A.B. asks: 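This is the structure I have questions about; it appears just below.
Please read all numbers here as calculations on a predicted model, not as lab measurements.
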Amino acid sequence: MNELLQQLWTPQMQTAFTVVVVLLAILYVLSIIWVVRDAYLRGTTWYIWAIVALVPLVGVIAYILLRPPLLRIDRDEQELEIALKQRQLMNYGECATCGYPVDASFVICPNCHTQLKNLCSHCERALEPSWAICPYCATPVAGSSSSSSRPSRSGASSRRGSSRNRTTSE
């Protein structure tokens, strides 16, 4: 048996075995470095994961299964994107009557035609219902209590018609 082993264990086999062992050792070290670097980028306690990764194969598999799903930079970017979307949504509101999403500058709800804001009689700009004076032209607002009533279709069309006439005459 010893002679058979000596015949198989040639210098070429010894070199191949040494190369395989060295490559496995390099792979082991690189896997620990990868776990530490990835844990650091994901914002976790990287030194604890380094200790876990010291257990060959099982430590790396445990890290892959339990690591946070996002890198810290991706998580921060996602939070910034959500904050930007929230800021953009602040320009919109809901109609108090039907809940339809409306722009902050809308005067009438496009869905149920509820009057959302008053119009200045002088400059025809949209005014908040609580305003008693137009901040654009300093004209007192007449009938500020009618802000929650539903406008008639003829009133809305006459306003649209007067604004068309004004734009065409300019």
A.B. asks: Please report the C-alpha distance between L23 and V19 in whole Å, then the side-chain angles of each, then the deciding distance to 0.1 Å, and finally whether the side-chain contact (heavy atoms from CB on, under 4.5 Å) criterion is met.
C.D. replies: CA-CA 6 Å; L23 287 177; V19 168; 4.0 Å; yes
A.B. asks: Are V52 and W49 side-chain neighbours, meaning at least one heavy-atom pair lies under 4.5 Å?
C.D. replies: yes
A.B. asks: Taking all heavy atoms of N118 and all of E128, pick out the closest pair and write down the distance.
C.D. replies: ND2-O, 4.4 Å
A.B. asks: Measuring only between side-chain heavy atoms, which start at C-beta, is S31 closer than 4.5 Å to L57?
C.D. replies: no
A.B. asks: Please determine which of V22, I26, V20, V21 meets the side-chain contact (heavy atoms from CB on, under 4.5 Å) test together with L24.
C.D. replies: V20
A.B. asks: Taking only residues two or more places apart in sequence or in another chain, which ones pass side chain to side chain donor-acceptor pair (under 3.5 Å) with E77?
C.D. replies: none
A.B. asks: Does the side chain of W46 reach to within under 4.5 Å of the side chain of L41, using non-hydrogen atoms?
C.D. replies: no
A.B. asks: Which atom names give the shortest non-hydrogen contact between L127 and P135, and what distance separates them?
C.D. replies: CD2-CD, 3.8 Å
A.B. asks: Please report the shortest heavy-atom distance between A53 and I32, naming the atom on each side.
C.D. replies: O-CG1, 3.6 Å
A.B. asks: Show, in sequence, the C-alpha distance, side-chain angles and deciding distance for Q12 and T10, and conclude whether the side-chain hydrogen bond (donor to acceptor under 3.5 Å, both in side chains) test is met.
C.D. replies: CA-CA 5 Å; Q12 293 85 7; T10 63; 3.3 Å; yes
A.B. asks: Flag the pair L71 / D38 as yes when at least one side-chain heavy-atom distance between them is below 4.5 Å, and no otherwise.
C.D. replies: yes
A.B. asks: Do W9 and Q14 come close enough that some side-chain heavy atom pair is under 4.5 Å?
C.D. replies: yes
A.B. asks: To check you understand the geometry: which heavy-atom pair defines the closest contact between T44 and P68, and what is its length?
C.D. replies: CG2-CG, 3.1 Å
A.B. asks: Does any non-hydrogen side-chain atom of T139 lie less than 4.5 Å from one of S121?
C.D. replies: yes
A.B. asks: Taking all non-hydrogen atoms of both residues, which atom of Y28 and which atom of V55 are closest, and how far apart?
C.D. replies: OH-N, 4.5 Å
